[in-house]
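Taking it in order: structure first as structure tokens, then the write-up.
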Amino acid sequence: MKGSKIKIFALGVLLAVSFTVRGQISNINQLSPQQLKKFAKTAERANDAFTAIFYYERYLELKPNNTAVQYQLAELHRQVRNYNQALDLYKEVNRTSSKKYPLAQFYYAQMLKAAGDYDEAIDQFKKFRRNYKGKDERLYSKIARYEIAGCDSAKGFIANPLDVTIENLNSSINGPHIELSPIPIDDASFIYSSLRIDSLVYFTPKNVDTAMPVRQFYLAKKEGLDWNGGELLPGNINIPGIETGNGVLSRDGERFYFTRCERNWQGEMICAIYRSTKEGDRWTKIEKLPPIINDPNYTATQPALGRTAKSDREIIFFVSNRPEGKGGFDIWYTVWDDEKDRYSRPRNLGSRINTVADEMTPFYNLTTRTLYFSSTGKPGIGGFDIFSAFGERRKWSRIKNIGYPINSSYDDLYFTVSKKGEDGFFVSNRPNDLYEITCCDNIFSYRWNDYIRITVTGAIYPFEKDRFGRKRNLAGFDFMNPDESVEPLEDAQIGLYMLDKEGDEFVFMDRYTTGEDGKYYFTLQPNEEYEFRMEGFQYFDEQMYLSTEFFNFSDTIEMPPTWVNVLTDKPIVLADIYYDFGSAELSSRAKSILDTTLLVMLKEAPEFIIEISSHTDSIGDVQFNLELSQDRANSVVDYLISKGIPTERLVARGYGSSKPVAPNYLPDGSDNPEGREMNRRTEFRIVGTVGEAEEDEDFEYSN
């Protein structure tokens, strides 16, 4: 059931019929039915569905009541997506030989759905679920149930269409064959894969292995309001004779992931993912991703790129039929460690995304943390429908069908979003003004007619003093309008988080690093709730919230200045932490100081790991001072633990007299009481954060 889909969608191998074949096979009318069937089967073995269709159709002209050939011809028409022809053939087989070919009713119902006859399709799916007792009964019954739900929902989607303008791109891009994988570069260019043949070509079994043209990458550019294509992508990504397609650009535009497909020794088309690095304006240094991703026995194709929230590593989503999936073709992911140039063990996205049917053509929008993909296993309007999901890796929510008319009763795939967010591309085999047949995918552009763009900006300032033992004189200071004497925070990172209403938690969306003006900028979505957080161990105790629930128009929001406490990894003295002479026991005064300073910070910034260090002056034995300082540091740590701070967040270090901050003696050799007092101190410094090294179970490296 799924094998035919992969030839069309995952590999992009499809050659369409033209009448040129009739000149090559001029003696077809002289062939006997047995010879016609033999030639048709030879073409099938060569994966040339259209030649097989040609011979089988001639066979049925001579023997119109051969149900076996009718069914096989219906299968071939479905494979190449000639849905109208397949519908009539399945209908006839179901009418005359439903017991011998029980799946004819299932596919007949699917073809009715593709034709938009939802009520009749529902009726046939229901009858199929009652009647079918064959192989994979539970699987087919489950898919039929999804199809029924899709037919029901389709009528609602069509009655409430999206406010979007859709345009079929012109014939300089869309030819008579499949076009696939539009990859936006900027507002005026995109890359796509195509078979650049001006007319439909048809091959005989004798020349199918040597004469078949292959799909390559091309560049399309916008000229005025029109897109024009047909220019080969420069560089050495395209190779003569090798199917090439399904690409994606990295966020910085320096890496290009794409797919190449070749037949293995069994004649099966196997795809693998490659990576090319940009040098100047050309793509060079092509590398095949390692076997942990490109298993030679299974296809890996259709890469898409995301980023991990914590470590900001590149996530490569891809489609594969490898084992341990949920169904036919599933979406998987791997994480790339750019420092070691290694990839994590591929993992399945899980059952919220993948189904018992096929999931394909992923695209990840980093701005909104949204995955777009096509599926035949979720309730949809047509065959492959486009869905969206919010999240990352194996955690997904808000999964929904994106709606009509982007989704149609036909197959809709390769949905992409431009950097602006208000437009993009998708691929569909729906009938259009260029081609009325449904065999071949075209690239369509879309634009939201009422796109709402919300931008938020603000500036970040540091408090003049830190909060530990030092006073601020802020009387009369205007926090809303700081004067020029207060410099904004440069190179500060602020994170944007959005409320996941399904999980009732704020989820990371984006981060911004401030420039000299201390300003940040984010693009927001309407009807959402956001949180802004300072990121990094040196900032704490500052969060802002913003709701866009009532924004039904584009706007720029100016946030009030944000004031943050700034810490460094340098030691900070805890003032007034006293001990009795020669003792490590904390005084009541010292405990009170800890309660109002360090303990407050540790509770407000639960990610901090700190080192407590104790120091002495030079009076006394060196080893005694070292041990005493360690005991004093331990006493502070023990006290903080007794107040609920986890042990793993605290490190005790005794340095004795080894790290003085002032001279113990004056230059003339006399004692320096002030210096000794400064050296007898307790300090803390931030040494890291909990989870600083991302706890990522995906990373099981393979050599």
Side-chain angles (χ1 to χ4, degrees), residues 1 3-5 7-8 13-112 114-115 117 120 124 128 134-135 176-177 197 199-212 267 429 431 435-440:
M1 187 167 96
S4 62
K5 292 288 187 185
K7 293 182 178 67
I8 299 170
V13 180
L14 183 63
L15 298 175
V17 181
S18 80
F19 293 104
T20 58
V21 69
R22 301 186 187 277
Q24 297 170 353
I25 313 174
S26 57
N27 62 342
I28 188 170
N29 292 329
Q30 301 173 15
L31 297 177
S32 67
Q34 291 75 18
Q35 289 173 313
L36 290 166
K37 185 185 289 187
K38 180 180 178 180
F39 288 162
K41 290 184 178 298
T42 300
E44 285 188 87
R45 286 193 294 271
N47 295 306
D48 185 358
F50 286 104
T51 298
I53 288 172
F54 181 76
Y55 285 117
Y56 279 137
E57 286 182 339
R58 174 56 181 161
Y59 178 94
L60 285 179
E61 290 177 9
L62 301 177
K63 291 186 173 293
N65 297 321
N66 189 314
T67 306
V69 172
Q70 286 178 334
Y71 185 73
Q72 188 59 26
L73 187 58
E75 292 280 89
L76 289 167
H77 276 302
R78 178 174 62 87
Q79 174 183 326
V80 301
R81 296 188 292 171
N82 289 330
Y83 291 152
N84 290 335
Q85 295 90 326
L87 186 152
D88 293 336
L89 288 162
Y90 281 128
K91 181 179 180 179
E92 181 63 18
V93 173
N94 183 57
R95 185 185 68 82
T96 60
S97 304
S98 59
K99 290 185 178 180
K100 187 174 182 179
Y101 301 100
L103 287 177
Q105 187 169 35
F106 176 83
Y107 294 125
Y108 173 45
Q110 282 194 329
M111 298 304 101
L112 286 167
D117 192 347
E120 181 62 22
Q124 292 298 324
F128 171 79
K135 183 180 178 181
H177 298 273
I197 299 176
S199 61
L200 297 169
V201 179
Y202 193 24
F203 296 91
T204 67
K206 290 183 180 180
N207 68 7
V208 69
D209 291 327
T210 58
M212 291 182 73
N429 69 326
Y435 307 103
E436 294 184 359
I437 58 176
T438 62
C439 70
C440 307

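Going from atom OH of Y90 over to atom CZ of R78 covers 4.0 Å, rounded to the nearest 0.5 Å. A distance of 11.5 Å separates CG in N94 from OG1 in T67, rounded to the nearest 0.5 Å. Distance check, rounded to the nearest 0.5 Å: CD of Q105 to CZ of R95 gives 14.0 Å. To the nearest 0.5 Å, the span separating OH on Y101 from OG1 on T96 amounts to 9.0 Å. Atom NZ in K91 sits 14.5 Å away from atom CE in M111 (nearest 0.5 Å). Note that CD of Q124 and CG of D117 are 9.5 Å apart. Values are rounded to the nearest 0.5 Å.
In this structure the side chain of R58 never reaches within 4.5 angstrom of the side chain of Y55, judged on heavy atoms. In this structure the side chain of L73 never reaches within 4.5 angstrom of the side chain of Q70, judged on heavy atoms. Side-chain atoms of L87 and Y108, non-hydrogen and from C-beta on, do get closer than 4.5 Å to each other. Considering only heavy atoms from C-beta on, Y71 comes within 4.5 Å of Y107 through its side chain. At least one side-chain heavy atom of L89 sits under 4.5 Å from a side-chain heavy atom of H77. Annotation: side chain of K37 is in contact with side chain of N66 (closest heavy-atom distance under 4.5 Å). Looking at K41 and Q72, their side chains never come closer than 4.5 Å, going by heavy atoms from C-beta outward. L76 places a side-chain heavy atom less than 4.5 Å from the side chain of E44.
Contact detail for A86 and A74: the closest heavy-atom pair is CB-O, 3.8 Å. Minimum interatomic distance between Q35 and L31 (heavy atoms only, all atoms of both residues): OE1-CA, 3.4 Å. Closest non-hydrogen pair, A43 versus A52, comes out as CB-N, 3.6 Å.
Aromatic ring orientation, F128 versus F106: tilted (interplanar angle from 30° to 60°).
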